Amino acid sequence: MQFDSLADFFNMGGYAFYVWLAYGVTFLSIGMLVTHSLRQKRKVLVGISQKIQREERLKENRSTK
Amino acid sequence: MWKWLHSYADPERAYNLSGKLLPWFAMLATALVGIGSVWGLVFAPVDYQMGDSYRIIFIHVPAASMSMAAYMAMATSAFIGLVWQIKSADWAAAAIAPIGAVITLIALITGATWGKPMWGTWWVWDARLTAELVLLFLYLGIISLYASFEDKVLAARAAGILAIVGVINIPIIKYSVEWWSSLHQPSTIRITEKSAMPTEMLYPLLINILGFGMMIGAITLIRFRAEILARNGMRPWVRELAKAEGVK
């Protein structure tokens, strides 16, 4: 352990702003990238299922007339 | 001899295999980045010259080195896609591009927040920094080129050529600190000789480099799977998945 107290750790030897800005930006942007990537699959599948439903509706209308 | 590899180019098999690999990559990435970052932030000794500001190295170097490694992986996939017409390789390249862009942005921002306290400036138009900025623009160019064609076979060809041409930038980034006098320091990790860094600092750094690699691998698998589904919307197995998971 390189720090005497929690306050000492957050202070980062006077470089708190720069160190925490770097770590903050890093983990925030990675978090956003992961969330965006995880949502893609559902978005794609919803799009495909809507397309399937549209095709089926078209098919039904054709057969009734 | 290597023919067994071909069967994995089949979209459904590639989708299932990457689904099996994903939890391992995700677990390794979380564990390694967690250990490396805590070790680097809390337990690694203070630098005698830079004080605690040097702790940015534990994310800056992994991000910067992996931004180049990811580019090489993307360009290799694009090359395989172009030469052997393997569509899965094109999709893998398309999956890596946005991740590489984010990692490059992280390398640039963490570099700036380290440069400000140590060099006294957020940014200089120095060879290393400028070449890394060009890498970001290459990634953005490849992403927008791939996005701007409705026909994704054509899109992958155009983006793939840009990706392959852009490889020229990688050795420029790597050797910029040796070729030109630069504000940026030369590399601290040496493969052939003793690293210019004590092991108490080197181990967390190496762990985080490996962790960032695993993390990029995990996010690539997630995006690759989504890309496979998006490009194979007409296949029965994808339609089954869509019927099961899509909203009514």
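We name chains A, B, ... by the order of the sequence lines, and we start the count at 1 in each one. Atom set for the values below is all heavy atoms of this structure, side chains included, hydrogens, waters and symmetry mates excluded. Since this is a predicted model, take the numbers as computed values, not measurements.
Heavy-atom distances place no part of Ile228(B) under 4.5 Å from chain A, backbone and side chain included. Residue Leu41(B) touches chain A through both its backbone and its side chain, counting heavy-atom pairs closer than 4.5 Å. Using a 4.5 Å cut-off between heavy atoms, Trp39(B) makes no contact with chain A at all. Contact annotation for Ala44(B): only backbone heavy atoms (N, CA, C, O) come within less than 4.5 Å of a heavy atom of chain A. Residue contact with chain B, scored on non-hydrogen atoms closer than 4.5 Å, involves the side chain of Phe9(A) exclusively. Proximity to chain A (any heavy atom under 4.5 Å) is shown, for Ile56(B), by both the backbone and the side chain. Using a 4.5 Å cut-off between heavy atoms, Tyr18(A) touches chain B through backbone and side chain atoms alike. Looking at Met50(B), the atoms closer than 4.5 Å to chain A (heavy atoms on both sides) all sit in the backbone: N, CA, C or O. With a 4.5 Å cut-off on non-hydrogen atoms, Lys51(A) touches chain B through its side chain but not through its backbone. If you measure heavy-atom distances from Phe212(B) to chain A, the contacts under 4.5 Å come from the side chain alone. With a threshold of 4.5 angstrom between heavy atoms, Tyr54(B) does not approach chain A through any atom at all. Only the side chain of Val102(B) comes within less than 4.5 Å of a heavy atom of chain A; its backbone N, CA, C and O stay farther away.
Each of Met234(B), Met215(B), Arg225(B) has some count of heavy-atom pairs under 4.5 Å with chain A, and the biggest count is that of Met215(B). Note on Thr26(A), Val19(A), Leu21(A): by heavy-atom pairs under 4.5 Å with chain B, the leading option is Thr26(A). Of the listed residues Glu55(A), Lys43(A), Met32(A), the one with more heavy-atom pairs under 4.5 angstrom with chain B than any other is Glu55(A).
Between Arg231(B) and Glu227(B) there is a salt bridge, since a side-chain N of the basic residue sits under 4.0 Å from a carboxylate O of the acidic one.
Separation of atoms CG (Leu140(B)) and CG (Leu145(B)) is listed at 12.0 Å; rounding is to 0.5 Å.
Side-chain contact between Met74(B) and Tyr139(B) is present, with at least one heavy-atom pair separated by less than 4.5 Å. In this structure, the side chains of Val34(A) and Leu38(A) come closer than 4.5 Å at one or more pairs of heavy atoms. Within the 4.5 Å cutoff, the side chain of Ile106(B) has no heavy atoms near those of the Ile59(B) side chain. Annotation: side chain of Phe43(B) is not in contact with side chain of Pro204(B) (no heavy-atom distance under 4.5 Å). Side chains of Val33(B) and Phe27(A) form a contact here, defined as non-hydrogen atoms less than 4.5 Å apart. By the 4.5 Å heavy-atom criterion applied to side chains, Trp114(B) and Ile57(B) are counted as neighbours. Counting only heavy atoms from C-beta outward, the side chains of Phe3(A) and Phe10(A) never approach each other to under 4.5 Å.
A 6.0 Å sphere centred on NZ of Lys87(B) holds no more than 12 heavy atoms belonging to other residues, nucleotides or ligands.
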